Structures are given as C-alpha cells and as structure tokens.
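Worksheet: the structure to be examined is printed underneath.
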Amino acid sequence: MRVSLRWLAEYVDIDLPPRELAHRLTMAGLGVDSIERMGGEWEGICVGLVTKVEPHPNADRLKLATVDLGGEQMTVVCGAPNVAEGQKIAFGRVGAHIINPNTREAVELTPARIRGVESAGMVLSERELGMSDEHVGILVLDEDAPVGMPLQEYMGDSIFDISVTPNRGDCLSMVGIAREVAALTGKKVRYPDGTYEEAGGRIAERVSVEIADDDLCSRYVATLIDDVKLGDSPPWMQERLIAAGQRPINNIVDITNYVMLELGQPLHAFDFMLLGGGKIVVRRARPGEKMTTLDGVDHELEPDMLVIANASDAVALAGVMGGANSEVREDTRTILLESANFNSASIRRTSTRLKARSEASSRFEKGLSPELSIVAARRATKLLVELAGGRAATGVVDVYPRKAQPVVVQVPRRRLQTILGLDLPTPKVRSVLEGLEFGCGWHEPDYLVTVPYWRMDVRIADDVAEEVARMVGYDELPVTNLRGEIPSIIPQPLRDLRERARDLLAAAGMQEVINYSLTTLEALEQVVPPELLSEQPPLRVVNSLSSQHEYLRTTLRASVLQSLAANLRYSEGEVALFEAARAYLPRGSDLPLEEEHVTGVISGWHEDRWGHPMEEAVDLYDAKGYLEALFAGMGVEAEFAQADVFGMVPGRSAEVRVEGETVAVIGQAHPRVAAAFDVDGDAYVFEMVLDRLLPFVRGPRRYEPVSRFPPVVQDIALIVDEGVTAGHIKAIIEKAPLVREARLFDCYTGEQVGAGKKSLAFSITYQSSGHSLTDEEVARAQRGIVERLKHEIDATLRS
Amino acid sequence: MIDELKRIEEQARAELVAAADEASLEAWRVTWLGRKGRLTSVLRGLTDLPIEKRRRMGAAANSLKQALDSALALRQEQVQKERLAIIETGRLDVTLPGRTKRIGRLHPVTQTLRDVLAAFVSMGFSIVEGPEVESDYYNFEALRIGKDHPARDTMDTLYVDITHDGEYDVVMRTHTSPNQVRVMEKTRPPIRVVVPGRCYRNEATDPTHEWMQTQIELLAVDEGISLSDLKGTLYEFAKRIFGQERKVRFRCDYFPFVEPGAEMAIDCMICGGAGCRTCDGEGWIEVLGSGMVHPEILSNMGYDADRYTGFAAGLGIERICMLRYGIEDIRLFYANDLRFLKQF
Ligand SMILES: [Zn+2]
C-alpha cells in the first residue's frame, strides 16, 4: 500500500518527521518497506512572488525579476521566457542545493554576476528542482501558494510503501492508516464527509436489488446519480491517485478508485442505461454462463462464483471486476453506484481460478466489514455530485440480510498479564484501546472491549492483548527466561546416528555437501533399476518452476555424482564428498517414507606429501576405507559381499551387510553412468541407509580388560584360488582358539603363485587372557588353522 | 695368555673408537663383553689352567673387563654428547608443510544449524524432527491457514502428485511449523522442542532467495508462558550466536498461527546500527518470526487454553549463516563448490 503523507495529513495531524513515523508504524506491525521522498533536498528553496519584471540592461534575452519572499525583496537575473509579474514561483537562495540543468548533477547555488548584474539567487525550473526534465520555463505555482513558505512544506511529499499483513484489510486504506497514526501519536482522525444534496427522485422507484445467495453477499448498497458529465478528475485527485500508484482514467472511475483508496471499500459504477431496467440480482453463476470483464477477457463461469446480474445477464463478476457490457462510457449519463460486501473466501477462489486478481478482490479476500458499505457509498456519491456534476437520487437502496452485530470481547485482566508478562494499570489499557477507537468497559475482573466495526481481525482476548502490546511497544515488555519444569528428552536415535555419520565421515577426510531434494527423472534413471522405477515411480512435484527440480529423489547417488562432476574440473588431487539427507520412498497415497541416507563419492588421485596429485588414482579400497571408518566409529561389524549393484561396474561392487542384513552398497560407478553425469574419470560411490543400520547399532559395548599376558605374533602366507576372498579367510582364522586378530598384510597375484591363484599373507596375533602362551601352544593352534584352511578352502602354505 | 689379553684390549679399543652410535656400541658390548663375548670366553678358558696361573690371569682379565667397561661408558657418553650437539645445532625448516591427513569439513549450514540447536538445547529444548513431505492439513489447515486464507499467497507452495478426493493435498512443507501440531499431538505440557529441517518454496532464486531452505521451529508450552519469556529466550539465542553485545528489537507481525505475533531483529553487526548494505540502511536485520501459540490451536490439541500458553518461533538457518560469515549470495550454499565449502 502506497501512502502519501501529504494526502494522509488530510485525515490526521502528522507532527513527526517521516522517518520517525515510519519507525513507529513498522514497530506496530505496519512495516514501512521504503520511503520515497519528493523534495527532500529542497533546503533553502521557498515560494516567492514575482513583483516586477524589467529588461536586463546589457542583454536582450535576459530579464531582471524582483521577487518578494515575504518581507524580503530580491532582484535576480532570469532567462525564462515565461516569467511574469504576479506569478508564484520557486525561489532558490544562495546555498540552496539544485540540479545543474546541463550536467544534471546536484550543485550548490553560488552568487553570480551575469552580464554585469549581481544575482543572489534563482527562479527555478522543474529540472533544477529535480521534479522532471522540464527546463524551457520556470515552474509556476498555484496562486494560493503562501509567499515565503519553504517549498518542501508547500509541495514536498513522502510516500510510504507499507506491507499490510493479511489480517489487516482495514489498513489497505488512507483512513485505516490514519487511524493507526492517530493511535500511535495521540491524535484524532478526521473522517471524510459523506453528506450531499439528494436532488433527484426516489431511488426506490427506479432500482431494486435482490440478493439471491446471501451466504456470499451480506450487504448490497446502491445509489443512483443522474446527469453526470464524463471528463477528467480534478488535478488534486489525479495527483493522489498517481501517488498511490494508480492511473487516472476519468472522473467516474477515478472517484470509485479514490474512495476505495480512501476508505478501503471497493466500489463499482455501472452505466444505468446499459443495465436494462433497474433490477439487480446478486446470484451464483449459472452452469456454463459466460461473461466478458472490462479488461476484455472472456470468462467461463462456474456455479460457485458470484455475479451481479440484471434481469437476464451477468453484468459484473462480484467483487472482482465489472463486465464490459455495463461499463461507464463517453455517453454515460446515469450511474448506478455499487458498494457491497462479498464473502472473502468466495472472492478469493473466483479471482484465483479466473486469474483475475484486482485491487478490489485483494481487499475483499482479506475480509471487510459490511458496515463500511454505506459509508463508502455516501462518500463516493458526494464526490460524484461535486466533481462530475451529477444529481443524486433521494435515498439509497440498502439490502442487508445479515446485519453485523458489534463484537464485545471479554478480556480477563489476568489473561492480559499472562500474555504480556506485565500487569498494566487499567487506565493505561483503556487509553491505548480508546486511542484505537475500541470501547473499553470494566466488569471486575474483566475488560469488556467493544471492537470497532472495521477491525474484523479482533475477536478474542489474545487479539486485544496484541493491540495493547503493539501500542505500548513490544520493546517495552519485560525480558524473562523460561521457568518451571524442563520436559524429558524425546529420544531421536536415527537423528543421532545421522549426525554421528556426518562427524565420522568429515573426520575421515570427506567434505559434506547439501544437494536439492528434487531432481530429474533422467538422473534417477541412471542409478535406479528400471523395474524399480516403474514399480515404485518417484513422487513428482506438479508445479515446479524448473524441470531440473521435479522428482523427489529416492537415492542420493545421482546428486553426489553431480556434485562430484561440478568439482572435478577445479580439483587436482582426491575429491571425496558425502551427503547425509533423506530419500523419499513413495507409499501410495500416504506420505512417503523418508529414509535417512548417507552417500559418499570419491574420485581423483592420491596426493604426495606436498599435496600434489600422484600417478596413483584412488580406487574402490579408498571408498571402502571411508565406509569402514563409519562402521568402526559406530561400533558395528560389517561384511562386504560381492554383488551386482545397478549403475555400478559388475565385479567391482558389493553389498555391505550387518548380521546378514544389507545396510549399504559400494562400488565403482559404471563408466556409462559417470559419463551421464559428466564425471571425467573413475568414481567410487557408497550409499548407506541409516534406517536399516539403526537396529544393529547397540549401546556402548562392554569393556574388555587388557590382557596382562604377552601376545605372540606369527605370520602365515597362503596360496588359494583367486575366487576366495580375504574376508572369508580372515573369518576362518579368527574363529580358531587363542587367536585375537588376523590382519592381512600382503596380497599377491602373478607368476610365482601360478595362474588362477593368489597369495595372501596374514599376521596372526595369539593371546590368552589367563596365562602366558608357550611356543608349543601357539604352534599347535597354528597347525590347527592351516589344517582347517586346507580343508575348507584348499589353501596351501606358501614356502 | 697375557698376549691374548693384550690383543683383545688393542682390538677392542680400536673398534670402540670406530663405534659412533648407540647401536654399534651395543654390538661392541655384545662382541667383547657379552655373555658369549670374547673376554668371557677367555675367562671361561681359565678353568683349564693351574691354580696360580689362573689367579694371575683371572685378575688381569677382570681388570681388563673393568677397563673396557669404563671405556665403553666413556665412549657412550661421548657419542651421546655428539648426537645432542648435532640435534641442538641443526635447524629444521618449520615452514615445510606437515604430513597430515586430508581433513573433511561439515557444510557451513550444518555447522550453523548445530550451533543454533546447541543454544536452544542448553535452555532445555529437545531436538525432534518431522516429515519434509507434509499433508496440507499439517502445513496449513491445522495452523489456521484454510484453503482460502490470503496468507497462502505469502507461501508459494510446491504440491506433490498425491491426491485425495481429486485434490492435491500433499506439499513440500513450506515451513517447520507443522511440527508444532505434530509435537503437541504426541505429548502433553510442559513442552520445549526445537525442530530443524529442510523447507521448500516455489520461488525463483536470486542472491537472497533460495527455493530450498533449512529452518528451525521453536515451541514451548507450559503454564504461565508469556511474550516476555519469548523475548528472553530469543534474546539469549541471539547473544549466543551473534555475540554477547548484540541488541535485539521486537515488532508486531502477523502469522495466522500465533497471537500476538512478533518479529525479531538484531542490530547490524557490520555497521553497528549506523546503516549499511547488509542491513539495507536500517541498522537492524530481521532474523525470525515468532509469537504466542494461538489459543485455538492449543484447544484443538485438547489442551486447556486458559491454563496453558506457549510461544513459537521459526528461523532460516541460511540467513543466520550468511550474516555470520558475510556471505552475500544464498545460492552459494547448494552449488557445493569446494572452493566455497573448504573455507568453513
Ligand atoms: Zn548495517
């Protein structure tokens, strides 16, 4: 809402500087987003009267003008062709800031000798005042401009751009803002006049109004004005409309807009002759009914939309826009003025569905009081009589099936104290509320607060508490800390696990990224098997602004590959990224399952001690190292089992299981997939589902005492078939008695062991918690292990 | 025999001079004086000699052993001194890079979120989470934002392709506020929770707008909670996150699910309140929306709204993060450029 202070001053005295006033309004809930200032720089410029114009003694085109500044006479050189005696003009004294008409820069006015004549000031043009580009002649002011008055005071203005919150429809009007200013500064509102002479016949004999659907229209007021003359509205009205951001059209339309801006009530002027008889029906649209609004758009109406109709056709879309068929024209002579109250939800639905938002609909949808209809009808009729030469019919048509009753709210004093944290004295509460034109009675121990009709947002005690708080000032309320019992913790084990995963991966050297939750189907197709995609298609957002963000991701693998691609071109060594976020798994028409995933990706080259990339690329085992760090940190033992994973290279991918349950996958992204995401080079990916891991993450594991007896370490080198995994061998060894741990320290394939074979070397630690092991015991244990390996996997000792 | 001892002495002393570190000294000791050393074997050979000769030779061998022992001690001391001299006079270039492992970092939004949560946790709030894909009911209806409420204009909403009765009624949540209702449904007062999570708006991005955001919701419900408690709690938070000297300002604002509603601003840490680009010349920076939980919502939850009151607040973490680090473009967060992320 654009509010001109010059206009606002008509309804309330303003004695605060604009910035201070803006601050007060903002703190009270009417946020002033910006202040547009006109004439703010007019220091040292005032209204002058030209008393004498003489020719310049030394120059034909210049004149000497004598200017009266209110008791002070100045004679200056003036080159303007239009300067004349008796004019009121804008006079700049020496020291005033003006705009240099040639360079368009702000300059300070200095004394000058022009062709031998001393000139201590200037009669100014619009360009020199910074008002417009006009520079042919000087600015000539209205005759009633008071001589000597600072120009800023005479014609400067500040325009506030105010964000009106959806609850304050009453403040989408000058009077509404004036009420706030009055309450905040202890002033009284001067309400606009709505009295006029009823010079015509009785309206009731020519107009009848029927409200067929009174659930959607609670009041309809009509007045009738004959003999209007269409023309321009007066300059003062045009200026105000422009200041408010509206385009002047003609006096009739301008008056309806003006009164809407003034009082907040949308109005509509019909050409009475085009209504075809005096019958107005407010009804729901008929199935299939069509109408053309005055912006020329054809609409197909639906039966829950409200229209204004004559005996046969719709002539307006109620509360949204008038119809082209009844619009005011050049030859309009008689006006039927509508001031009605329509259901806010209905107006909102209609205007949204027809994409026909208007100044009117945005006011109706916030809720207006039906009490306002008659006030606005009278005010607009008065202006139509005075400014469009009309003759008002006697009386008004006022159909008001659901009369609004005054609202009285019972506000217990204790409630006020509880909400505000402050016990305000009764006179203070009363004066604050009365300042806002609320009635405030007292019935021990409650306030009885009568709400003025325009405050549709105040209905309960807490609403009244807000009124008091915002007038007293939120900053005046005390600052206290919470007291009382601290509630029990609500356990969030999955969240705790996710945060631990973040810490562990970052500690292991991976960088966290955060990607959008929405992606494309193409991206998901790269990493989700087609049968799963068709069986359980990912959820889609139906009104996304971008096709890049349309599908709810069911895996984070596509996202991290995209992050990788974005970074590879800038990176030299290893790039290791992870994301911990949700995947959204559809569950029919229920809300999706939101699963916590932790997904990592690595690529690039190992780095030397100087941080430079080496010849050696990162590989699957680097990725596995990060995943192992994660498991180790969570105290969970995981098994890696070779498995084909969609989107990964067969034979270079695995499922990761805990107690037989698959909780993660890992592998090399298939080069085709990598290429699809513009990943240059090999990339290794893992994805863990924390929901699946959670049951296996147990509380703190039991402490094991450190053995007092020395461990014995023996190495063993085995030759096995290539297909036998290290993990399998390790498991066999670690099952043997006395073995504390088996650690792989070498892995070799090549000529020395023969084709189809490999050699694995383990370092086995034997230890007993009860005694020192003898050489004999260790040798026996190791013989047992070798036999078992021979038996189970046909392993032979490498000599 | 005496000659034998002489030879041993000469050779041992010669080798001792050559031994220049701890390891070779130890090897020398084992060779000459050890259990299987040369001198020991000489002594062992004495058993075959006649007693007189044995005594003489024994005394000579023992005095040689003592001599070599003290020579060794002397030499050890000398070697140690030389070593210390080398260490003490040598100079390492301490500016050479260390041999560290690469370190990973958490995303700045994660870091900031954790700090914000920690501030509230220390005031007795529990962290809980809720769904990001939310029903229209929790996201709007239950918060007094009906289908035709004009406040829906201020929340451009992404709808998910799930319909009930022919209408899309599942949304990407536009705020964390649905969790006020979800938490109240599950628990009874006293309540103190803080709910972090991603939120979504259907809007174009620019340096100050991003369609995906991280928010937190704060909710406290108990007997006697007032606007003053809201102010105190949020003031505490502001000081914790933005510095003890921070000032805060509360103004009236509107959200359908609170009454009274309030917005909190902090004094600009860049210009100290004088006005600059960050604060739009105002000297104050808006950081969060808040208010007293609307009594109608408490009643709908089955709470006695005359007895219990509560406050709620919601704030965007990205904005806090931008203010903290002086980041001027919100789009940097989810572009995931390592050159950006590695600075935090
Ligand atoms: Zn600033």
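Naming convention: chains lettered A, B, ... in sequence-line order (proteins, then strands); numbering from 1 in each chain. Being a predicted model, the structure only gives us computed values, none of them experimental.
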From CE (M292(B)) to CG (D462(A)), nearest 0.5 Å: 8.0 Å

Which region of V170(B), side chain (C-beta onward) or backbone (N, CA, C, O), has a non-hydrogen atom less than 4.5 Å from a non-hydrogen atom of chain A, or is it both or neither? side chain

For M172(B) and V541(A), the nearest pair of non-hydrogen atoms, with its separation, is CG-CG2, 4.0 Å

Neighbour count above 12 (heavy atom, 6.0 Å) for Q492(A) CD: yes

Against chain A, label F255(B) side chain, backbone, both or neither, depending on which of its atoms sit under 4.5 Å from a heavy atom there. neither

Given that the side chain runs from C-beta out, which part of L227(B) has a heavy atom under 4.5 Å from chain A: side chain, backbone, both or neither? both

Cut-off 4.5 Å, heavy atoms of chain B, and the answer for M27(A) is both

Using non-hydrogen atoms and a 4.5 Å limit, figure out which bit of A576(A) sits close to chain B: side chain, backbone, both or neither. both

What part of V121(B) gets closer than 4.5 Å to chain A, counting heavy atoms only: side chain, backbone, both or neither? neither

Let me know if Q511(A) has heavy atoms under 4.5 Å from chain B in its side chain, its backbone, both or neither. both

Under 4.5 Å from a heavy atom of chain A, the part of L341(B) involved: both

Among D463(A), I514(A), L420(A), I419(A), residue most engaged with chain B (heavy-atom pairs, under 4.5 Å): I514(A)

State, to 0.1 Å, how close R415(A) and A305(B) come at their nearest heavy-atom pair, and which atoms those are. NH1-O, 2.9 Å

With under 30° as parallel and over 60° as perpendicular, where do the rings of H549(A) and W211(B) fit, or are they tilted in between? tilted

If you tally heavy-atom pairs under 4.5 Å between each of T165(A), V542(A), V479(A) and chain B, the highest tally belongs to V542(A)

Would you mind telling me which of T110(B), D337(B), D156(B) has the largest number of heavy-atom pairs within less than 4.5 Å of chain A? T110(B)

R348(A) bridged to D148(B) by N-O distance under 4.0 Å: no

Considering all heavy atoms of both residues, which atom of N543(A) and which atom of L158(B) are nearest to each other, and what is their separation? OD1-CA, 3.5 Å

Quick one: of R470(A), E485(A), E365(A), who has the most non-hydrogen atom pairs under 4.5 Å with chain B? E485(A)

Please state whether the side chain, the backbone, both or neither of R198(B) comes within less than 4.5 Å of a heavy atom of chain A. side chain

How close do F250(B) and Y474(A) get, counting heavy atoms only, and between which atoms? O-CB, 3.4 Å

When rounded to the nearest 0.5 angstrom, what distance separates CD in E259(B) from CG in D457(A)? 7.5 Å

Given heavy-atom pairs under 4.5 angstrom as the criterion, report whether the side chain, backbone, both or neither of Y159(B) touches chain A. both

Can you tell me how far CG of L564(A) sits from CG of N336(B), rounded to the nearest 0.5 angstrom? 11.5 Å

Apply side-chain contact (heavy atoms from CB on, under 4.5 Å) to residues H294(B) and I460(A) and explain how you reach the verdict. CA-CA 10 Å; H294(B) 200 286; I460(A) 61 170; 3.7 Å; yes

Portion of R357(A) that has a non-hydrogen atom of chain B nearer than 4.5 angstrom: side chain

Select one option (side chain, backbone, both, neither) describing which atoms of Y516(A) are under 4.5 Å from chain B's heavy atoms. both

Backbone N/O of L106(B) and side chain of E512(A): donor-acceptor pair under 3.5 Å: no

Would you find more than 12 non-hydrogen atoms of other residues, nucleotides or ligands less than 6.0 Å from R414(A) atom CZ? no

Is there a side-chain contact (heavy atoms from CB on, under 4.5 Å) between N481(A) and D229(B)? Walk through the geometry before answering. CA-CA 5 Å; N481(A) 284 333; D229(B) 300 325; over 6 Å; no

Would you mind checking which part of T214(B) comes under 4.5 Å of any heavy atom in chain A, side chain (CB onward), backbone (N, CA, C, O), both or neither? neither

Check each atom of R483(A) against the heavy atoms of chain B and say whether the ones under 4.5 Å are side chain, backbone, both or neither. both

CZ of R19(A): more than 12 outside heavy atoms within 6.0 angstrom? no

Segment of I127(B) engaging chain A (4.5 angstrom heavy-atom cut-off): both

Would you mind telling me which of P295(B), P260(B), C252(B) has the largest number of heavy-atom pairs within less than 4.5 Å of chain A? C252(B)

Measure distances from E579(A) to the heavy atoms of chain B and classify the residue's part below 4.5 Å as side chain, backbone, both or neither. side chain

Which of the residues M212(B), E236(B), R339(B) is involved in the greatest number of heavy-atom pairs with chain A at under 4.5 angstrom? R339(B)

Using a 4.5 angstrom heavy-atom cutoff, name the option from I225(B), V160(B), I103(B) with the most pairs to chain A. V160(B)

Relative to chain B, which of L577(A), D503(A), V575(A) shows the most heavy atom pairs under 4.5 Å? D503(A)

With a 4.5 Å cut-off on heavy-atom pairs, point out which of P491(A), G169(A), A566(A), S517(A) contacts chain B the most. S517(A)

Would R582(A) and E129(B) pass as an ion pair if we require N to O under 4.0 Å? yes

Report, in residue-number order, which members of residues 602-612 of chain A are under 4.5 Å from chain B by heavy-atom distance. E607(A), R609(A), W610(A)

So for T26(A), is it side chain, backbone, both, or neither that comes closer than 4.5 Å to the heavy atoms of chain B? both

Answer yes or no on whether R168(A) is positioned over the face of Y254(B), meaning its NZ or CZ is under 6.0 Å from the six-membered ring centre and within 45° of the axis. no

Applying a strict 4.5 Å limit to non-hydrogen atoms, the region of Y626(A) in contact with chain B is side chain

Side chain / backbone / both / neither for L505(A) at chain B, heavy atoms under 4.5 Å: neither

Side chain / backbone / both / neither for A28(A) at chain B, heavy atoms under 4.5 Å: backbone

Backbone of T480(A) reached by a side-chain donor or acceptor of S228(B) within 3.5 Å: no

Side chain, backbone, both or neither: which part of E223(B) has a non-hydrogen atom closer than 4.5 Å to chain A? neither

Among R192(B), H149(B), H164(B), E203(B), residue most engaged with chain A (heavy-atom pairs, under 4.5 Å): R192(B)

Search all heavy atoms of G261(B) against all heavy atoms of E466(A) and return the closest pair with its distance. N-OE2, 2.8 Å

Heavy-atom contact with chain B under 4.5 Å, split by part of R459(A): neither

For a quick test of reading the model, state the closest non-hydrogen atom pair linking S226(B) to T418(A) and the distance between them. CB-O, 2.8 Å

Find the one option among G573(A), G421(A), P478(A) whose heavy-atom pairs under 4.5 Å with chain B are most numerous. P478(A)

Quick check on L338(B) against chain A: is it the side chain, the backbone, both or neither that has a heavy atom closer than 4.5 Å? both

Is it the side chain or the backbone of D590(A) that comes within 4.5 Å of chain B heavy atoms, both, or neither? backbone

Would you compute the distance between atom CG of L482(A) and atom CZ of F125(B) and round it to the nearest 0.5 angstrom? 5.0 Å

Can you tell me which of R114(B), E210(B), E263(B), K186(B) forms the most heavy-atom pairs within a distance under 4.5 Å of chain A? R114(B)

